[in-house]
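Some notes on the structure that comes next.
Along the sequence shown, the residues carry numbers beginning at 1.
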Amino acid sequence: MGIKKYTSYSQIDTELEILKIEKEISYEKLVFGVKKTKENLTPQNIVSDLISTYSSAIPYGALVSASVPFVLNKAIPFIKNWFTKRKRGS
């Protein structure tokens, strides 16, 4: 990138304003990306993605990949409750 030459302070102010807005846009993109990543890194999504990736190699893969999200949505809260009850009882 070459050296920019400005002829007035208003050009400098305009360039600074543009850079400030670009910085804000980049920050919002980063925040959005982190938020989406957090949403996708749930145990249900990870296991569902793994199953759907390998569903062709698994016997009855289509049935397994269809039932896994349902089972995980029921099993994970049950397992969490089981562990919290065990901790309180100890």
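For the atom pair CD1 (Ile12) and OG1 (Thr7), the distance works out to 9.0 Å, reported to the nearest 0.5 Å. With rounding to the nearest 0.5 Å, the separation of OG1 in Thr14 from OH in Tyr6 is 9.5 Å.
Pairs of residues two or more places apart, or lying in two chains, that qualify as salt bridge (Lys or Arg N to Asp or Glu O under 4.0 Å) and include a residue from residues 32-42 are Lys36-Glu39.
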Report task. Would you please test Leu16 and Lys20 for side-chain contact (heavy atoms from CB on, under 4.5 Å) and show each step? Result -> CA-CA 6 Å; Leu16 288 173; Lys20 179 182 173 189; over 6 Å; no
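Not one N or O on the side chain of Glu15 forms a donor-acceptor pair closer than 3.5 Å with the backbone of Gln11.
Checked against side chain to side chain contact (heavy atoms under 4.5 Å, CB included), Glu22 has the following partners two or more places apart in sequence or in another chain: Ile18, Leu19. In this structure Thr37 satisfies the side chain to side chain donor-acceptor pair (under 3.5 Å) test with no other residue, sequence neighbours excluded.
Screening Glu28, Lys29, Lys23 against Ile25 for a side chain to side chain contact (heavy atoms under 4.5 Å, CB included) leaves a single residue, Lys29.
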